[in-house]
Amino acid sequence: MEEEKLIELWEKEGRHLSDPDSRPKYFITAAFPYPNSPQHIGHARTYTLTDIYARFYRLLGYNVLFPMGFHVTGTPIVTMAERIKEGDPSLAEVFEKIYGIPKEVYSKLTDPFDLVMFFSREIEEGMKRMGYSIDWRRKFYTSDPHFQRFIEWQFQKLYKKGLIVKGTHPVAFSLKLNSSVGAHDTKGDVDPEITEYTGVLFETPLGYLVTATLRPETLYGITNIWIREDEDYVVVEYQGKKLIFGKKAWEILQHQLPGAKIVDEIKGKELLKLEAEVPITGQRVPIWHGEFVDPEEGTGIVMSVPGHSLWDYYEYRKHTDQPYPVIIKVGNKESKAEDYFKSHGGKEEDLEKLNEEFYHLEFTKGYHEPLGMPVKEAREKTKEKLKEKDAMIELYKISNGPVYSRAGDKVIVKVLENQWFIDYGNPEWKKKAKELLASMKIIPEEMRKRFEHTIDWLKRKAATRSRGLGTKFPFDKSQIIESLSDSTVYMAFYTFAHHIKEFKPEELTEEFFDYIFYGIGEPVNEKHKELRKMFDYYYGLDARHSGVDLVTNHLTFFIFNHAALFPHKPPKAIVVNGSVLMEGKKMSKSMGNIIPLKKAIEQWSADVLRLTVAASTEIIMDANFSESTARGVKERLEFYKKTFLTEDKGKKDELDEWLEKKVKHYATLAYDYYRAYEVRKVTNLLFYELFKDLQWYMQRKPEGKRNLSEVARIWAIYLSPIIPFTTDYIFRERFGESVFDQTLPMFREWKFVHEEEFFRELLEDIRHLLKLKKGKKLYIGIAKEWKFEVYKRLSRKDAIKDIVSQEPKAKELLAKLKNKAYTLDFPYERERLIEYLNKNKDYLEKELGLEVEIGEEKQKYALPDKPELLLE
RNA sequence: GCAGGGGUAGCCAAGUCAGGUCAAAGGCGCCAGGCUUAGGACCUGGUCCCGUAGUGGGUUCGUGGGUUCAAAUCCCACCCCCUGCACCA
């Protein structure tokens, strides 16, 4: 296979290695892969686009560095290894069915390190096979001790700038796994969602009863408090207060109130004797038994608002027929739970559903009477007031629950104490990040807003985890740096990654890196000095390529961290691309429509994939991979290869002039399209349009008389970033050197005019006419001179009234043209057209099998762009 | 809910920023013809409606208004769809 030979050749020629020299540099990167499974064609999109631009900038004469590493941190790798060890049957689905990895092979990957090595090798091979022009000498794993020293440096710096802070934080947690859990740790890959709700404190002689609610604003309408007389309650000491919770509820809630201790236990019955004071209003309410109260839900204690909760109303009526307050209006009418319940059937089994609808209704449309504001605002206002009075605590629950962990237990919310954060909420830092963003090029520009918004709402981000792979957190060695946080500035490491190994990890102190990055202090030796030079030469990243899904996290962190650590070497551009669809559908394991990259290359070749996956659609759109487009690309590639490898040395004539002019025209536009990251338009012209032009050319000119040398040269150079294999192969075969040793030829053929174009359209019109009517002789009547004159003046955008006053006959013509008159652009000269047509009369006659005569129009119908066609 | 993106012919999808050559590129599907023993692939033509010795008329670009000589494109309102909302790569 010729692609593989070329890869060997490129490697031998050292084409993709980059070292500092006198040329301007271009440093381009894409997010490094996470090696816990093989790659599929979806992964190929970002990398191919990156490679296209690496190759494009090389053609422009830049010293391009395109490196690659592997991200070996976090829990998914560990989890995968564990699942293999456990013999998880669902893995067969992925590894055997989709990727064709035999069980004997993958079942050995029970050690995370083996797993990483296996898949990273696989991925690296795939990337080479795709023709990515990566400088592999610089490859590193984030698990390398050298790299970890670099990450420690990063965190020391952030810490010293006050950007690392400590606090508490709620996380989804599994007690059995003793770890916080993300989607990949749960059954069915459910992402646990956490909602915050309010614990309102009601004072009683025994302590504060804590009720859990999502609607604190309703406390203005409280009539009583619900508990279960048949359940046990606990008194807990927390931050100097005695709080009362249901005993079962406490089992879960204890994880949310760190430091709380049980000091007493009470029977539910005992509570019934008490009275509670409502915060804010100071009202005193009784405590009643409520049958519907779930002892495991919330706090096991519920505040009763019969006016605005269907449950409360229903239970309230069992106890008393006393009236109760109504505090919310919808429209201008009192909004009463009772009315809503009754008007919607009044069935007990509908309570749950109706209650939810009613909540939603009051939240979106309700007006809160006591506070005199919409319910939405009243909720926040009430919380503020409660906080002032120190009468609330924040509680959390899993809102999309129950969610079960891999180990089988129910996922709960735990509040972590002494949690370390990167403080993206820091206003100073936000400002710097925004400034950096403003100075950067964002492709496509529409994405900028999303970045701005993300910078705005980003708050503290947890920086450590207790489990998984990664660098130990310098300020608490029991913790590991969370894996999105250790990959924000790693691009800087590439600039010297292959040389830093000459130092021992323990030599890589903070000062060591300070010297490299900031030039502070003295170099320890010559090599150290050299590392600084390398960094200085390459950094400022010129372009960061990534999938669109990383905008709201990785890419924004990337901006923040560079603003803080590398303000003197800011990144210049972020390029964001869409993903890949399979036959119009999203790729997913369950649909089984994932094509492994390896298999796809075997079937289609790398060039076919590169073009279909990366260059067949605009950069931000999702590319659609389908058999039929891939097939179309493959056939065209073969056509080009065949055509351009056939060495015809015919004499150049007008037709060759036409085609050469046309490729140059395409190339002129293509250059701008490349620069604007509009790859699809490049392929549209130089791959699809030129394909049609070539066919026309070949139809017009018999074999043996053709001369495609210049066309092939321009074509190959311009498309070499996209289809490097085909173009380099053709170039070497035909011109004896590599296409990658060429510089990009530039043209200024902005507007394309050639009589051949006119001729081509004319032939189409004639063919159309011949469908409708047969004849033996064709008369082509060219429009009269004055019509050409009018066309010319219209093209020049002369005032229409001037044209008419000079040539009264033009009126009729203009009436016919209607709106087209305003935009007409007709570049042909009458004499030259007639001459050109006469020259090609023989071809017409032969092609049409008709006698052809060319002359002046006989009737009035002819227009300069549409000659009169008369069949006899 | 908040934020971002989007609604174009049977389907997918250009065009919208810079209004006019836009009945609207391209692809798929479908129809007819060619090639072929046949199928596939490939090639040619057609594919909103009417008309036709071609370059003609009518009605279309989520819905309803507006601006303009002229709107898929600009302005206003409304309807619908998709994505993200974190500690997870």
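Model, not experiment: these values are computed from the prediction.
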Enquirer: Which of these nucleotides, C85(B), C87(B), A89(B), is closest to any side-chain atom of Lys461(A)?
Expert: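 For the Lys461(A) side chain, the nearest candidate turns out to be C87(B).
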Enquirer: Is the shortest side-chain heavy-atom distance between Met491(A) and Phe558(A) below 4.5 Å?
Expert: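 Of all side-chain heavy-atom pairs linking Phe558(A) with Met491(A), at least one is under 4.5 Å.
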Enquirer: May I ask you to say whether Arg448(A) pairs ionically with Glu445(A), meaning some side-chain N is under 4.0 Å from a carboxylate O?
Expert: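 Yes, this pair counts.
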Enquirer: Please pick, from U55(B), C85(B), A53(B), the nucleotide with the shortest atom-to-atom distance to any side-chain atom of Lys866(A).
Expert: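 Looking only at side-chain atoms, Lys866(A) lies closest to U55(B).
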Enquirer: Taking atom P of C85(B) as reference, at what distance in whole Å does atom CD of Glu452(A) sit?
Expert: 20 Å
Enquirer: Which whole number of Å gives the distance between the C1' atom of G27(B) and that of C76(B)?
Expert: 36 Å
Enquirer: Is there a side-chain contact between Gln154(A) and Thr488(A) in this structure, where contact means two heavy atoms from C-beta onward sitting under 4.5 Å apart?
Expert: yes
Enquirer: Go through C88(B), C87(B), A86(B) for me and flag the one nearest to the Leu458(A) side chain.
Expert: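 That would be A86(B).
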Enquirer: Would you measure the distance from the P atom in U37(B) across to the matching atom in C48(B) and give it in whole Å?
Expert: 35 Å
Enquirer: Between the side chains of Asp476(A) and Lys166(A), is the shortest nitrogen-to-carboxylate-oxygen separation below 4.0 Å, so that they form an ion pair?
Expert: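 No, this pair does not count.
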Enquirer: Take nucleotides 3-21 of chain B nucleotide by nucleotide from the 5' end and write B, S or -, depending on whether a protein heavy atom sits under 4.0 Å from the base, only from the sugar-phosphate, or from neither.
Expert: SSS-------SS-----BB
Enquirer: Whole-Å distance between G84(B) P and Phe451(A) CZ?
Expert: 16 Å
Enquirer: Can you identify which nucleotide, out of C42(B), A86(B), A89(B), has its nearest atom closest to the Glu635(A) side chain?
Expert: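 Among C42(B), A86(B), A89(B), the one nearest the side chain of Glu635(A) is C42(B).
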Enquirer: Specify the residue among Gln695(A) and Pro170(A) whose closest nucleotide of RNA chain B lies further upstream toward the 5′ end.
Expert: Gln695(A)
Enquirer: Could you tell me whether the side chain of Ser485(A) reaches within less than 4.5 Å of the side chain of Phe473(A), counting heavy atoms only?
Expert: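 Heavy-atom side-chain distance check fails, nothing below 4.5 Å.
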Enquirer: Report yes if some heavy atom in the side chain of Glu757(A) is under 4.5 Å from a heavy atom in the side chain of Phe752(A); otherwise report no.
Expert: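 Yes, at least one pair of side-chain atoms sits under 4.5 Å.
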Enquirer: Can you tell me, in whole Å, how much space there is between the C1' of G57(B) and that of G4(B)?
Expert: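 Looking at atom C1' only, G57(B) and G4(B) are 44 Å apart.
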Enquirer: Could you tell me whether the phosphate oxygens of A89(B), OP1 or OP2, come under 4.0 Å of any side-chain nitrogen or oxygen in Ser483(A)?
Expert: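 Yes, such a contact exists.
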Enquirer: Taking only the C1' atom of each, what is the distance from G33(B) to A24(B) in whole angstrom?
Expert: 27 Å
Enquirer: Does a side-chain N or O from Arg465(A) land closer than 4.0 Å to OP1 or OP2 of A89(B), or not?
Expert: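 Affirmative; the distance criterion is met.
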Enquirer: Mapping Asp765(A) and Arg460(A) to their closest nucleotides on RNA chain B, which lands nearer the 5' end?
Expert: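 Of the two residues, Asp765(A) wins.
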Enquirer: Under a 4.5 Å cut-off applied to non-hydrogen side-chain atoms, are Glu689(A) and Lys662(A) in contact?
Expert: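 Not in contact.
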Enquirer: Rounding to an integer number of Å, can you tell me how far Phe558(A) CZ sits from A89(B) P?
Expert: 20 Å
